> 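Just dropping this structure here.
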Amino acid sequence: RVQVTESGGGSVEAGGSLRLSCAVSGFTDNRLCMGWYRKVEGKEREGIASIYTDNGDTYNADSWKGRFTISQDKDKNTLYLQMTDLKPDDTALYYCAADRSGGEYHCTGGFALGQSDFRYWGHGTQVIVSS
């Protein structure tokens, strides 16, 4: 059974940093596409970045380039999102998602992220940024 579990959220002051983690288990194949999303209250869910776990290639949505960085620890089956220079507008529920279908280009070309083409989702971890 596949499980996707986020952690690392919390409260931080504007300008601060947080690192979110996402532990994945239950896959028998390490060729996964994994992504980070966020949902701001009252707005649609937004895709932040994705990574193809086999080679570590990434796709990053323009809105967060330079502030948010996706990475992985393959040995720990864990995905990370390093967030820096946080702003009150970054207050949101942050989700991790995973899937093994679609292939590398679908993942690193941004198509999986843009289409929310993931079968497995975590429940999210809340980030609150105060001014």
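Keep in mind it's a predicted model, so treat the numbers as computed, not measured.
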> Would you say Ser50's side chain and Cys107's backbone share a donor-acceptor pair under 3.5 angstrom?
yes

> Give a yes or no answer on whether the side chain of Asp73 reaches the backbone of Thr78 with a donor-acceptor pair at less than 3.5 Å.
no

> In terms of hydrophobic clustering (I, L, V, M, F, W, Y; side-chain heavy atoms under 4.5 Å; direct or indirect links), are Leu113 and Phe68 co-clustered?
no

> So, the side chain of Thr53 versus the backbone of Leu32: is there a donor-acceptor pair under 3.5 Å, distance only?
yes

> When rounded to the nearest 0.5 angstrom, what distance separates OG in Ser17 from CE in Met83?
8.5 Å

> Using modelled atom types and a 3.5 Å cut-off, is there a donor and acceptor pairing between side-chain atoms of Trp36 and backbone atoms of Tyr80?
yes

> Checking the side chain of Glu46 only, and the main-chain atoms of Arg38 only, is there a donor and an acceptor separated by less than 3.5 Å?
no

> Evaluate whether atom NZ of Lys76 has more than 12 neighbouring non-hydrogen atoms of other residues, nucleotides or ligands under 6.0 angstrom away.
no

> Quick check: are there more than 12 heavy atoms from other residues, nucleotides or ligands sitting under 6.0 Å from CZ of Arg67?
yes

> Identify the heavy atoms of Ala98 and Met34 that sit nearest to each other, and give their distance.
CB-CG, 3.9 Å

> Are Asp29 and Arg31 within salt-bridge range, i.e. N to O under 4.0 Å?
yes

> If I take atom NZ from residue Lys87 and atom OG from residue Ser131, how far apart are they, to the nearest 0.5 angstrom?
12.5 Å

> Enter the distance from Gln82:CD to Ile70:CD1 here, rounded to the nearest 0.5 Å.
12.5 Å

> Does any N or O in the side chain of Glu6 come within less than 3.5 Å of the main-chain N or O of Cys96, such that one atom is a donor and the other an acceptor?
yes

> Who are the side-chain hydrogen bond (donor to acceptor under 3.5 Å, both in side chains) partners of Lys65, not counting sequence neighbours?
Asp62

> Say whether, by atom type as modelled, one donor and one acceptor occur between the side chain of Gln126 and the main chain of Ala92 under 3.5 angstrom.
yes

> Enter the distance from Asn77:CG to Asn30:CG here, rounded to the nearest 0.5 Å.
8.5 Å

> Minimum heavy-atom separation for Leu86 and Leu18, please, with both atom names.
CD1-N, 3.9 Å

> Check for me, please, whether Phe118 and Leu81 land in the same ILVMFWY cluster - side-chain distances under 4.5 Å, paths through other members count.
no

> At what distance, to the nearest 0.5 angstrom, does CG of Asn60 lie from CD1 of Ile51?
9.0 Å

> Listed by chain and number, what are the side-chain contact (heavy atoms from CB on, under 4.5 Å) partners of Asn55, not counting sequence neighbours?
Tyr52, Asp57, Glu104

> Taking all heavy atoms of Arg45 and all of Lys39, pick out the closest pair and write down the distance.
N-CD, 3.6 Å

> Just wondering, more than 12 heavy atoms not from Lys43 lying within 6.0 Å of its NZ?
no

> State yes or no: are the ring centers of Phe111 and Tyr105 separated by less than 6.0 Å?
yes

> If you compare all heavy atoms of Gln72 against all heavy atoms of Gly56, which two are closest, and at what distance to 0.1 Å?
NE2-CA, 3.7 Å

> Under 4.5 Å between side-chain heavy atoms, hopping through other hydrophobics if needed: is there a path connecting Leu20 to Leu93?
no

> Restricting to ring pair (Phe, Tyr, Trp, His ring centres under 6.0 Å), what partner residues turn up for Phe27, sequence neighbours left out?
Tyr120

> Does Tyr95 belong to the same Ile/Leu/Val/Met/Phe/Trp/Tyr cluster as Ile48, with side-chain heavy atoms less than 4.5 Å apart forming each link?
no

> Determine the minimum heavy-atom distance between Val4 and Cys22, stating which atoms define it.
CG1-SG, 3.5 Å

> To the nearest 0.5 Å, what is the distance between OH (Tyr94) and OG (Ser7)?
15.0 Å

> Give a yes or no on whether the backbone of Val129 and the side-chain of Thr91 come within a donor-acceptor separation of less than 3.5 Å.
yes

> Answer with yes or no after comparing the ring centroid distance for Trp121 and Tyr37 against a 6.0 Å cut-off, counting only values under it.
yes

